[in-house]
Number of protein chains: 2
Amino acid sequence: MSTRTPESEPLLTPAEVASMFRVDPKTVTRWAKAGKLTSIRTLGGHRRYREAEVRALLEGVPQQRTPEGGAPGA
Amino acid sequence: MSTRTPESEPLLTPAEVASMFRVDPKTVTRWAKAGKLTSIRTLGGHRRYREAEVRALLEGVPQQRTPEGGAPGA
DNA sequence: CAGCACTCGGGTAATTAGGGGT
DNA sequence: AATGTCCTAATTACCCGAGTGC
């Protein structure tokens, strides 16, 4: 099997991102249109999103957050 | 160079291109049929795609961008 | 030669895009 | 300003059997 990956980042489909955020795919599309999300378009016009970008937004790592719940480092 | 590689450009299989775009290999075939992708056919009829072409499309460089990072110098 | 993974081809369901309205 | 829902059109994903590639 030629499972070579010529430098490609993992991408997510609108439905995937929408499911992760618990919103409608339409909303994700609006975020992409608003420039809040990096969207890569397929040759057919459909959008794909970077998994790293989405995960970072889910984690809430824009700049600095105050981890109040549980202190990671002792 | 010790490698005896005949001057050919790196070609990608449908599965590789599909993986890069996060789409189905069948979809890549559609793009080739639609003329959106340059497809090279093997003697058996299978398609091969140019890595440079695919990467350019992934980058989203239909015209020209201003790569601030590395100026090619002119 | 034999075998497996991948691709080909066509057809149908599911998803996405875009605009408009609440 | 932002989200969810409606509609239509386009694109994409999965089904099959046969052939190619190594």
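In what follows, every heavy atom counts, from backbone to side chain, and hydrogens, waters and symmetry copies are set aside. Here is the naming used below: chain letters follow the sequence lines, and residue numbers restart at 1 for every chain. Quantities reported herein were computed from a predicted structural model and do not represent experimental measurements.
- Set against dT3(D), dT12(C), dA17(C), the side chain of Arg30(A) has dT3(D) as its closest nucleotide.
- What separates CZ of Arg41(B) from C1' of dT7(C) is a distance of 10 Å, to the nearest Å.
- Counting any heavy atom pair closer than 4.0 Å across all strands shown, Arg22(B) reaches sugar-phosphate atoms only and no base atom.
- Of the candidates dA13(D), dA17(C), dT5(D), dT5(D) carries the atom nearest the Asp24(A) side chain, counting heavy atoms from C-beta on.
- At least one side-chain nitrogen or oxygen of Thr27(B) sits closer than 4.0 Å to the OP1 or OP2 atom of dA13(D).
- Annotation: side chain of Leu37(A) is in contact with side chain of Val54(A) (closest heavy-atom distance under 4.5 Å).
- Rounded to whole angstrom, the span from the CD atom of Glu16(A) across to the C1' atom of dA13(D) amounts to 14 Å.
- Side-chain nitrogen and oxygen atoms of Lys33(A) include none within less than 4.0 Å of the OP1 or OP2 phosphate oxygen of dT3(D).
- Close to dT3(D), at under 4.0 Å from its OP1 or OP2, lies a side-chain N or O of Trp31(A).
- A 6.0 Å sphere centred on CZ of Arg47(A) holds more than 12 heavy atoms belonging to other residues, nucleotides or ligands.
- The side chain of Arg47(B) sits closest to dG9(C) out of dA13(D), dG9(C), dT15(C).
- Proximity of Leu12(B) to Glu53(B): side-chain heavy atoms (C-beta onward) are nowhere separated by under 4.5 Å.
- A straight line from CZ of Phe21(B) to P of dA13(D) spans 12 Å, rounded to a whole angstrom.
- You'll find the ring centres of Trp31(B) and Phe21(B) inside the 6.0 Å limit.
- Looking at the side chain of Pro14(A), the nearest of the listed nucleotides dG21(D), dA17(C), dT11(D) is dA17(C).
- Residue Val23(A) is the one, among Val23(A) and Leu43(B), whose nearest nucleotide of DNA chain D lies closer to the 5' end (criterion: closest heavy atom).
- Note on Lys26(A): every side-chain N or O is 4.0 Å or more away from OP1 and OP2 of dT15(C).
- Rounded to a whole Å, the CZ atom of Arg48(B) is 8 Å from the P atom of dC8(C).
- Salt-bridge annotation for Arg55(B) and Glu51(B): present, with a side-chain N of the basic residue lying under 4.0 Å from a carboxylate O of the acidic one.
- Regarding contacts with the backbone of dG21(D), a side-chain N or O of Thr42(B) is found under 4.0 angstrom from either OP1 or OP2.
- Among the nucleotides dG21(D), dA17(C), dA13(D), the one closest to the side chain of His46(B) is dG21(D).
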